[in-house]
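Data first, discussion second: the structure below is written as structure tokens.
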Amino acid sequence: MRVEGTHTKIAGDLLAHYDLHARRLPWRAPPGSNAADPYRVWLSEVMLQQTTVAAVIPYFTKFTERWPTVDALAGAQDADLMAAWAGLGYYARARNLLACARVVAADHGGAFPSTEEGLRALPGIGDYTAAAVAAIAFGHSAVVVDANVERVVARLFAIETPLPAARPEIRAAAGRITPDSRAGDFAQAMMDLGATICTPRNPACGICPLREDCAAFRTADPAAFPVRLAKKPRPHRLGHGWWIERADGHVWLVRRPAKGLLGGMRALPSSDWSAAPDAAPPLAAGWTTLADPVAHVFTHFSLNLTVHVTHLPLDVAPPGDGEWWPLEQIAEAGLPTLFRRAAEAAMKESRQDA
DNA sequence: GATACGTGGCA
DNA sequence: TTGCCAAGTAT
């Protein structure tokens with residue numbers, strides 16, 4: 001149980017602002033309604049992990065139309081789920097999403113646990129998502145701390161400790177300003193504030209409802225908070241990808257290993273990605289190498305993928321597991337962005353050859 | 001605690 | 001153009 005402290009003014013000011021200016025988002029119940037659907041709250045929170053609202057909206061719409069309930073999602077085929085997630089990134093989320101739906105359907109009768117502890121035990125639900133679902137879907141006074149809340153709280157209290165070491169301090173401060181009632185609205189209001197007013201760069205302090213509560217506002221540079229440690233430089237890697245097209249308009253696609261980078265996703269056959277990758281093609285054939293490699297930036301390295309193209313007769317197949325995929329349906333293959341771009345480059349080249 | 005894990009928008 | 005950053009989780 002939280003003790004009502006000296007910071008209740010902050011929650012009051014923020015909720016008053018939220019009642020007037022809350023963003024209308026597809027996963028939010030309409031104003032005045034308290035009918036937040038735990039399935040939709042959970043799905044949106046998983047999609048929003050490290051991902052912008054603008055990127056999530058079309059995926060959320062597509063998923064809820066195709067799979068309206070957690071039981072429906074639990075019945076999805078792995079390949080269909082992964083293909084539907086393609087392009088959104090962090091594909092472990094999609095694998096855990098399906099695992100979580102199946103646990104909820106099989107072990108909880110299709111009803112999400114309502115407590116942080118119960119939610120935290122499910123695949124893909126960490127401290128943040130457990131607190132967010134408990135607060136937003138079930139009205140519990142959970143302390144919800146995401147990157148927005150970290151930034152807002154670091155500024156409200158002008159916390160000088162650099163991230164990530166400041167996490168415990170920030171979490172304690174967040175707990176002190178979280179209200180006993182309307183904790184879900186409070187959490188969403190903090191995130192709205194962080195996304196639209198208390199932004200990482202050039203915060204709009206002039207229209208901020210918490211301006212008079214904010215210690216950073218009284219400093220010369222509010223945007224200097226939160227303090228962050230310098231990041232390590234991102235290494236660069238090289239790789240090779242092979243576009244194997246058959247005379248009847250199909251391309252050879254493989255599925256990547258279940259774990260690791262782009263785990264479980266359809267892909268072009270490719271080499272390892274390293275400073276000096278093995279460039280041996282998967283089969284002996286006449287290869288054309290595209291002049292411009294596909295440049296792609298992952299979180300922890302950047303990549304130049306050199307794309308090689310060949311055309312095979314009908315009676316030749318590459319070694320190993322894979323599938324011939326019709327070229328006119330390449331958009332439905334669910335290729336992650338790197339391979340979608342490689343496919344676009346290869347098909348453009350093939351058209352020029354024809 | 002540190003690292004692996006995608007992608008796109010913005011300055 | 002290049003770097004920063006985003007409703008984090010798993011190991």
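Predicted, not measured: the structure shown is a model, and the values here were computed from it. So you know, we letter chains A, B, ... as the sequences are listed, proteins then strands, and number each from 1.
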Taking only nitrogen or oxygen atoms into account, show me every contact under 3.5 Å that the protein makes with nucleotides 9-11 of chain B, one pair per line with its distance.
none

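Taking a 4.5 Å side-chain heavy-atom cut-off between Ile, Leu, Val, Met, Phe, Trp and Tyr, the cluster of A:Trp324 extends to A:Trp242, A:Ile244, A:Trp252, A:Val254, A:Leu283, A:Trp287, A:Leu312, A:Val316.
Note on A:Arg341: every side-chain N or O is 4.0 Å or more away from OP1 and OP2 of B:dT7.
Proximity note for A:Lys232 (side chain, C-beta onward) versus C:dA7, B:dT3, B:dG6: the nearest is B:dT3. When distances run from any side-chain atom of A:Asn96 to the nucleotides C:dA7, C:dA10, C:dC5, the shortest one goes to C:dA10. Comparing atom distances between the A:Asn148 side chain and each of C:dA6, B:dT7, C:dA7 picks out C:dA7 as nearest. Here the nucleotide nearest the side chain of A:Asp146, chosen from B:dG6, C:dG8, C:dA10, is C:dG8. When each of C:dA7, B:dC5, C:dT9 is scored by its nearest atom to the side-chain atoms of A:Thr299, the top-ranked nucleotide is B:dC5. When distances run from any side-chain atom of A:Phe298 to the nucleotides C:dG8, B:dT7, C:dA7, the shortest one goes to B:dT7.
Here the C1' atom of nucleotide C:dA7 and the CD atom of A:Glu150 are 11 Å apart, to the nearest Å.
Taking atom P in both C:dT9 and B:dG8, the straight-line distance is 22 Å, to the nearest Å. Separating the P atom of B:dC5 from that of C:dA7 is a span of 23 Å, rounded to the nearest Å.
Ring centroid separation for the pair A:His296 and A:Phe298 comes in under the 6.0 Å cut-off.
Partners of A:Arg234 according to the salt bridge (Lys or Arg N to Asp or Glu O under 4.0 Å) rule, which considers only residues two or more places apart in sequence or in another chain, do not exist here. Qualifying side chain to side chain donor-acceptor pair (under 3.5 Å) partners for A:Thr129, counting only residues two or more places apart in sequence or in other chains: A:Gln49. Judged as a side chain to side chain donor-acceptor pair (under 3.5 Å), and not counting sequence neighbours, the contacts of A:Asp248 are A:Arg246, A:His250. Partners of A:Glu328 according to the side chain to side chain donor-acceptor pair (under 3.5 Å) rule, which considers only residues two or more places apart in sequence or in another chain, do not exist here. Evaluation of the salt bridge (Lys or Arg N to Asp or Glu O under 4.0 Å) rule for A:Arg95 yields no partner, not counting sequence neighbours. The side-chain contact (heavy atoms from CB on, under 4.5 Å) check on A:Pro168 picks up nothing, with sequence neighbours excluded. Residues forming a side-chain contact (heavy atoms from CB on, under 4.5 Å) with A:Ala204 (at least two apart in sequence, or on another chain): A:Ile197, A:Ile207.
The closest side-chain donor-acceptor pair between A:Thr69 and A:Asp71, if any, does not fall under 3.5 angstrom.
Under 3.5 Å, the side chain of A:Thr51 and the base of C:dG8 form no donor-acceptor pair of N or O atoms.
Under the ring-ring contact (aromatic ring centres under 6.0 Å, His included) criterion, the residue pairs touching residues 144-179 of chain A are A:His7-A:Phe157, with sequence neighbours excluded.
Of the residues in residues 77-91 of chain A, none has a non-hydrogen atom less than 4.0 angstrom from any atom of DNA chain C.
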Taking Watson-Crick (N1-N3 plus N6-O4 or O6-N4) and G-U wobble (N1-O2, O6-N3), each under 3.5 Å, can you produce the dot-bracket string of DNA chain B? Use [ ] for crossing pairs and | for inter-strand ones. .||||.|||||

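If you check every strand for non-hydrogen atoms under 4.0 Å, A:Arg167 touches nothing.
A cation-pi arrangement is absent between A:Arg40 and A:Trp67 under the rule of less than 6.0 angstrom and at most 45 degrees off the ring axis.
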